[in-house]
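Take a look at the structure set out below.
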Amino acid sequence: MKPRLRFAPSPTGYLHIGGVRTALYNWLWARKTGGAFVLRIEDTDQERSTPESVRVILDSMKWLGLLWDEGPEVGGANGPYTQMERLAIYAEFARKLVDERRAYRCYCTKEELEQQRAALKARDPKATFKYPGTCRNRTTHPDQPFVVRFIAPESGQLTYTDKVFGEITTPNSAQQDFVLLRSDGVPLYNFGAVVDDIAMGITLVSRGRDHMVNTPPQILLYEALGRRPPEFAHLPMMLAPNGEKLSKRHGAVSVGEYRDQGYAPAAVLNYLARFGWSHGDQEVFSIDELVGAFDWEHCNRSDGKFDAKKFLAIDHEHLKTERLVPTAEYVRCLLPFLEKRGLSGLDAARVAAAIPMIRERATTFVDAADRLDFVFRDVLVVDPAAAAKFLVPANADRLVELAKVVEGVEAWDAPAIEAAVEAWLQRAGLSIKEVAQPARVALTGRTASPGLFDVIAALGRERAAARLRAGAGAVVA
RNA sequence: GGCCCCAUCGUCUAGCGGUUAGGACACCGGCCUCUCACGUCGGUAACACGGGUUCAAUUCCCGUUGGGGUCGCCA
């Protein structure tokens, strides 16, 4: 039977990079095995869930290329895929559990429990408050709000085999009569997830290690419901460099931020896949390679620390490699960033032609747009410090001479330009070192740029000559 | 504190009883060079500790220490 996996985020903000990793592992396995990848929105926390966040999650997933077989927008046979639209289903399952004496109505109020919890903590700050089972054997049913609690076993133990952590055994004494349904009928996490995973036929649940503690109660629920639990595969956590939980205060943590910083989607996936999983010594993967190589056996069990520099290096690697980011894709990704700089209405072919000279240099699309800015901008922006240093009187004549040489080049390509310039340097008894930097500043406005001849070729004969002359003129002005 | 999990260079990791403990990022040198990059050559750098098991432990077992997760009518 083909496996069915899911990613079930709660729409309470941006899509966290750690969440993307669990989504990715699920997606990879579904793709590799020909199984199904289901996206489910767990919006039962009405305080924090927002429609905007759902939008962000969907857009982020699409940008990454983590498309779902069933879920919001695409539908499917097991919908709806948003929990708040499934309330009737949870009610039905809860009713069944109560009828079969596997769960009961609890009329204790939140305030009462809060008070008990506080009292216990006051006596012993480290004690664990467990619901005392006050309503467990209650026979009267007052006309008051109630929650539905599960009847948890008090002795024995529960063992399951995790696909990455192996055999995990937990004593049932660690469990308590946890709440299934709130007084308003909205399910709590464990119940909602189990009911939906059953209803949606999920066969393998992979999620962060922070959920490992939820697995025993969930398995108990499957048993009470007469269902065989799915397989579980927990993933180690992605921590901040200082070992803390990775959050906003450690820098960019959302998919949107990396998209805005000009990262390639495949590079994001590559970095995340390699975090906690390995395939021998291979560091760089295309998405197809990831799908082909992914397995649970090589998933690590220890937490890791996010490394922004390595992430950047992986992105750089992708941008450098035609196989990973084909030129057409490069152009498509780069265009928006050029537009953001005010360089709009550019011809795709023209942009494609300029890419080779910055390909190995640019680490992100934002970086690429910055490096290519001089090619597409009509009025050059010149770095004052660079001008002060290189556009000086001593260089004026040379720039004018170079302009003439450039205008005289016959065939217009970098090698031809280089040949013409070299010939002139010979005649004039000059070295390229004496001319390159002044020319570079005149042509690009900066002291760092692609190779001089590529720059001239990209600008075109007239524009290159004009800028060189302007550079010479800037000296006088 | 209870329950659960983890432990190889600074970081991500390879390793599945016998290796000069390998790779990548980062860092430091050399080369290349019109700048910046790229590339290339080399270098610094790790098996947390203590017991076992074994002819032999980074590898298997136990403990210690350290780190993490979780203890809600959040997810």
Side-chain angles (χ1 to χ4, degrees), chain A residues 8-10 12 42-45 47-49 106 108-110 113-114 117 124-131 145-149 162 165-166 168-171 173-176 178-184 186-190 192-193 207-216 234 236-237 239 241 243-245 271 274-284 297-298 300-314 316-317 320 357-363 371 386 390 418 421 425 431-441 444 446-453 455:
Chain A
S10 62
T12 54
E42 305 209 332
D43 59 346
T44 54
D45 183 344
E47 297 283 307
R48 299 193 302 147
S49 297
C106 167
C108 297
T109 67
K110 202 175 187 172
L113 264 52
E114 218 52 77
R117 199 189 320 274
D124 179 1
K126 286 169 179 170
T128 300
F129 176 75
K130 281 174 73 166
Y131 177 70
F146 59 86
V147 301
V148 176
R149 281 185 188 274
D162 189 286
F165 284 94
I168 307 290
T169 299
T170 311
S173 56
Q175 306 304 334
Q176 64 169 318
F178 58 92
V179 174
L180 266 25
L181 240 36
R182 297 200 232 313
S183 46
D184 60 2
V186 176
L188 251 58
Y189 173 72
N190 277 143
R207 75 245 284 203
R209 185 172 65 79
D210 48 336
H211 281 296
M212 215 179 310
V213 71
N214 289 318
T215 307
H234 288 95
M237 311 205 59
L239 274 18
E244 291 175 357
K245 201 165 168 182
Y271 177 74
R274 262 306 266 100
F275 193 104
W277 171 81
S278 62
H279 187 61
D281 283 340
Q282 189 172 351
E283 298 282 349
V284 180
E297 290 70 38
H298 292 85
N300 257 182
R301 288 172 296 285
S302 48
D303 296 340
K305 293 171 185 171
F306 178 76
D307 184 346
K309 282 190 174 162
K310 179 139 190 175
F311 191 5
L312 215 215
I314 290 291
H316 190 186
E317 198 61 47
K320 276 193 304 196
M357 68 178 173
I358 52 102
R359 235 201 156 150
E360 63 192 21
R361 298 162 215 263
T363 56
R371 289 170 187 274
F390 293 105
E418 177 166 13
V421 171
L425 290 172
S431 120
I432 182 72
K433 285 181 193 286
E434 297 171 89
V435 181
Q437 284 305 76
R440 188 184 315 284
V441 175
T444 70
R446 309 178 186 188
T447 53
S449 83
L452 196 57
F453 308 113
V455 165

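Order of the sequence lines sets the chain letters (A, B, ...), proteins ahead of strands, with each chain counted from 1.
Considering only heavy atoms from C-beta on, A:Pro450 stays 4.5 Å or farther from A:Arg371 through its side chain. Looking only at side-chain heavy atoms (C-beta outward), A:Val147 and A:Lys110 stay at 4.5 Å or farther from each other. Using a 4.5 Å heavy-atom cutoff, the side chains of A:Cys106 and A:Tyr131 are in contact.
The separation of B:C28 from B:A57, taken at their P atoms, amounts to 40 Å, rounded to a whole angstrom. Across the C1' atoms, B:U19 and B:U58 are found 11 Å apart, a figure rounded to whole Å. When the P atom is compared between B:C25 and B:C41, the two are found 12 Å apart, to the nearest whole Å. Taking atom P on both B:U54 and B:U59, the two are 16 Å apart, rounded to the nearest angstrom. Look at the P atom in both B:A37 and B:G43: the space between them is 24 Å, to the nearest Å. Taking atom C1' in both B:G23 and B:G15, one finds a spacing of 12 Å when rounded to whole Å. Only the C1' atoms considered, B:G50 is 15 Å distant from B:A7, to the nearest whole Å. For B:A45 and B:G72, the C1' atoms lie 46 Å apart once the distance is rounded to whole Å.
Among the heavy atoms of the strands lying under 4.0 Å from A:Lys320 are primed sugar atoms or P, OP1, OP2 only; no base atom is included. Residue contacts for A:Ser173: at a heavy-atom cut-off of 4.0 Å it reaches no nucleic acid atom on any strand shown. Nucleic acid contact class of A:Ser183 (heavy atoms, under 4.0 Å, all strands): base. Nucleic acid contact class of A:Leu188 (heavy atoms, under 4.0 Å, all strands): sugar-phosphate only. Within 4.0 Å (heavy atoms only), A:His234 reaches no atom of the nucleic acid at all. Across all strands shown, A:Val147 has heavy atoms under 4.0 Å from base atoms, whether or not it also approaches the sugar-phosphate. Here A:Gly276 lies in heavy-atom contact (under 4.0 Å) with sugar-phosphate atoms only. A:Thr447 comes within 4.0 angstrom of a base, heavy atoms only. Within 4.0 Å (heavy atoms only), A:Arg359 reaches no atom of the nucleic acid at all. Nucleic acid contact class of A:Thr44 (heavy atoms, under 4.0 Å, all strands): sugar-phosphate only. At the heavy-atom level, A:Phe453 lies under 4.0 Å from base atoms of the strands shown. Base contact: A:Glu283 has a heavy atom under 4.0 Å from a base atom. Residue contacts shown for A:Arg440 include a base, since a base heavy atom lies under 4.0 Å away. Counting non-hydrogen atoms under 4.0 angstrom, A:Lys110 reaches a base of the nucleic acid.
Pair assignment for B:G63: B:C49, on the basis of Watson-Crick or G-U wobble contacts that are both within less than 3.5 Å. Pair assignment for B:C31 gives B:G39, based on Watson-Crick or G-U wobble hydrogen-bonding distances that are each under 3.5 Å. With a cut-off of 3.5 Å on both pairing distances, the Watson-Crick or G-U wobble partner of B:C3 is B:G69. As the counterpart of B:C16, no nucleotide is assigned, since no Watson-Crick or G-U wobble pattern has both distances under 3.5 Å.
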List, one per line, each side-chain donor-acceptor pair under 3.5 Å for residues 307-314 of chain A, sequence neighbours excluded.
| unit_1 | atom_1 | unit_2 | atom_2 | d |
| --- | --- | --- | --- | --- |
| A:Asp307 | OD1 | A:Lys309 | N | 3.0 |
| A:Asp307 | OD1 | A:Lys310 | N | 3.3 |
| A:Lys310 | NZ | A:Glu283 | OE1 | 3.2 |

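Not counting sequence neighbours, the partners of A:Thr215 by the side-chain contact (heavy atoms from CB on, under 4.5 Å) test are A:Tyr160, A:Arg207, A:Ile219, A:Phe232, A:His234. Residues satisfying the side-chain hydrogen bond (donor to acceptor under 3.5 Å, both in side chains) test with A:Glu42, not counting sequence neighbours, are A:Arg40, A:Gln83. The side-chain contact (heavy atoms from CB on, under 4.5 Å) test applied to A:Asp45 returns A:Glu47, A:Arg48, A:Ser49, not counting sequence neighbours. Checked against side-chain hydrogen bond (donor to acceptor under 3.5 Å, both in side chains), A:Gln282 has no partners two or more places apart in sequence or in another chain.
Counting 5' to 3', RNA chain B first comes under 4.0 angstrom of a heavy atom of chain A and last does so at the ends given by B:G1 to B:A75.
Here the closest heavy-atom approach between residue A:Ala386 and residue A:Thr447 is recorded as CB-CG2, 3.7 Å.
Between A:Cys106 and A:Ile432, the residue anchored closer to the 5' end of RNA chain B is A:Ile432, taking for each the nucleotide with the nearest heavy atom. The nearest heavy atom of RNA chain B to A:Asp124 and to A:Gln437 marks one nucleotide each, and the one closer to the 5' end goes with A:Asp124.
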